[in-house]
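Have a look at the structure below before the remarks.
So that the names make sense, note that chain A is the first sequence line, chain B the second, and so on, each numbered from 1.
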Amino acid sequence: MKPPGDASARIERLRREIEDHNHSYYALDRPTISDAEYDRLFRELQALEQAHPDLASADSPTQRVGSAPLPEFASVTHEVPMLSLNNAFSEAEAEAFDRRAREGLASDEIEYNCEPKFDGLAISLTYAEGRFVRGATRGDGYTGEDVTANLRTVRGIPLRLRARHPPALIDVRGEMIMYHDDFDRLNARQRERGEKEFVNPRNAAAGSLRQLDPRVTAERPLRLFAYGVGELRGAELPPTQKDLLDLLAEFGLPVCGERAVTSGAVGLLEYYRTLLEKRAALPYDVDGVVYKVNRLADQQRLGFVSRAPRFAIAHKFPAEEAETEIVAIEVQVGRTGALTPVARLKPVFVGGVTVTNATLHNEDEVHRKDVRVGDTVIVRRAGDVIPEVLRVVAGKRKSDVPVYHLPRKCPACGSAVIRLPDEAIARCSGGLVCPAQRKQALWHFASRRALDIDGLGEKLIEQLVDADIVHGPAELYGLGLEELSGLDRMGEKSAQNLLAAIEKSKRTTLRRFIYALGIRNVGEATAKDLASHFGTLDALMAADETALQEVTDVGPIVAESIRKFFAEQHNVRAVQALRQAGVSWSETVTARPARGPFAGKSFVLTGTLSGMTREEATAQIEARGGKVSGSVSGKTDYVVAGADPGAKLAKAERLGLTILDEAALRKLLG
DNA sequence: GATCCTCGAGTTCT
DNA sequence: CTCGAGGATC
């Protein structure tokens, strides 16, 4: 047996050597030894550490195998918030970014550091005196989850910084991703083990990072790219973003090699086009590029608007397109009887998910694009979410495929399909005779923003209607355990929950009730106006078209819809039945006083708020006399931007409107 | 009559 | 989110 002093030195040597190999492999992308040799070193270290438990260290590479599972993740507050970037979707928007930066800095030409925008998960890595002490997810930018135990298992993350005099504290920002080939191997393994495969590298990385059992994470091939610094103590920042990245690389952190320093808008676009061409050949997913003003002092001068920096922007690549086939064109019947053609597609992987359906909107749209069954088409995810058929690939059509026409009889009830001369939409004339429309009407009635019956979903409604148990909303209130017992996936417990939810929905508000009725052209906003104008349902039902048109935003067409609805005896009976069943609200709706600090102010919300839901924010604003609207215009006073804001923020900026972040809104709310 | 501002309705996938 | 269309305004 060797003396312990010897073992201690050998252990330290092995640890350093193994971490050197990790560094070469993950940070420098230059493997230095074979896997077999690496394993040999690793096993030798494990054996030595087992023989000398007193020499154990949390920094040892052997500790990367993962500790025992956690009951839950602790939450972590980011000292320096992890903000999201604004997006540019076109070259013009990228040029506008450069123009704003030049104006802000009063400079003719600005130097930028350009980097790829990785499609992964942002994280924060805290090093105290050079030791990795904490890793956290981005969360909402202000608070994330403590995933230190998981990140310790990631071999590309150094447990110790490679610096003689590391800063007292540094919070490194980076992105966790998965390489394509690692992802393929992982999925092959999942398949062999009979476990669920991941749909894309991003989901695989997210799932791996949020494992409560770090031993599972240890088996997942996660990678890091470091790209920034949050908090820093005991050291000065270098002068530029490029120097900062160089410094992180020196510390042994993996920094992406596809970066460049360029000048002016021309330089930005050149970098963008170059990376776009390389995109397919890169071993990982990139969804755009990031431009940052290179000089950190200039970054500081430009500062922030709302939650996003003014010195950086993400220029997104165009939505990915893919080719697939139209297997069938089916027709859906909506609540108002609208017939919507939907393309059933041969499943195709595009924009990170498998797409099988795409709406074709209406018959004219089908003809404009001349889509026919069996055609080869190009699809993409519009706005990165909803699949869209872009066009037919010419020349791939099998001969003799007929032009598509909507059926002349409703596929659900056989009633005639009618298309009014001026309208784009064809409708089933069956009304509530049509089971499809009845189902949709019930679903609307029970939906969250109407009477909010939890647990009464599409599948359940389908069964209730098909089994002739429920024909209209009032009958929901006559349901008992017996009626529900025969249904699929409906045990005693779920049945009781559902009955409780139905019972609970009896207490509601007039505006929800009016909305729930599903009157044509009366949505949430109009229902609210009607409720506060008339105060009682009886007053609304008694109103003629002239009286109705006194309500804001009600013109001849909406007024006619309402009058026609209440002229139908079955609708009046349904309303009576609901009230008899016990559905009620406090009849006195006091018209909201247009007073309060926000009187006459119009707000628009976009993105996700962290401390409150949008509904809560809306209620708070309205309580102070403000109005919350859905779309941005010149008349909007404030736009409240949460995390991941949509196109509304861009429009607000273009119009030069006042933009608030969540903190500013809170302050205003007092 | 033109234009702008909103609202309503329909839709996908995890 | 997007499109289409109703309502208000000039």
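The ring pair (Phe, Tyr, Trp, His ring centres under 6.0 Å) test applied to F513(A) returns W585(A), not counting sequence neighbours. Take K409(A) and apply the salt bridge (Lys or Arg N to Asp or Glu O under 4.0 Å) test, not counting sequence neighbours, and it matches no residue.
Under 4.0 angstrom from either OP1 or OP2 of dG8(B) there lies no side-chain N or O belonging to T336(A). Phosphate proximity of dC7(B) to S631(A): absent, as no side-chain N or O sits under 4.0 Å from OP1 or OP2.
Among dT11(B), dT6(B), dG8(B), the nucleotide with an atom closest to any side-chain atom of S629(A) is dT6(B). Distances from the side chain of T340(A) to the nucleotides dC13(B), dC7(B), dT11(B) place dT11(B) closest. For V355(A), taking side-chain heavy atoms from C-beta onward, the closest of the listed nucleotides dG6(C), dC7(B), dC13(B) is dC13(B). Each of dA8(C), dA9(B), dT12(B) was ranked by its minimum atom distance to the side chain of R335(A); first place goes to dA9(B). Of the candidates dC13(B), dC7(B), dT11(B), the closest approach to any side-chain atom of Q332(A) belongs to dT11(B).
The residue T359(A) sits close only to the backbone: its heavy atoms come under 4.0 Å of sugar-phosphate atoms, none of a base. Note on V199(A): nothing from the nucleic acid sits closer than 4.0 angstrom, heavy atoms only.
Ring centers of Y638(A) and F598(A): at least 6.0 Å apart, outside the cut-off.
Using modelled atom types and a 3.5 Å distance limit, the side chains of T336(A) and R427(A) yield a donor-acceptor pair.
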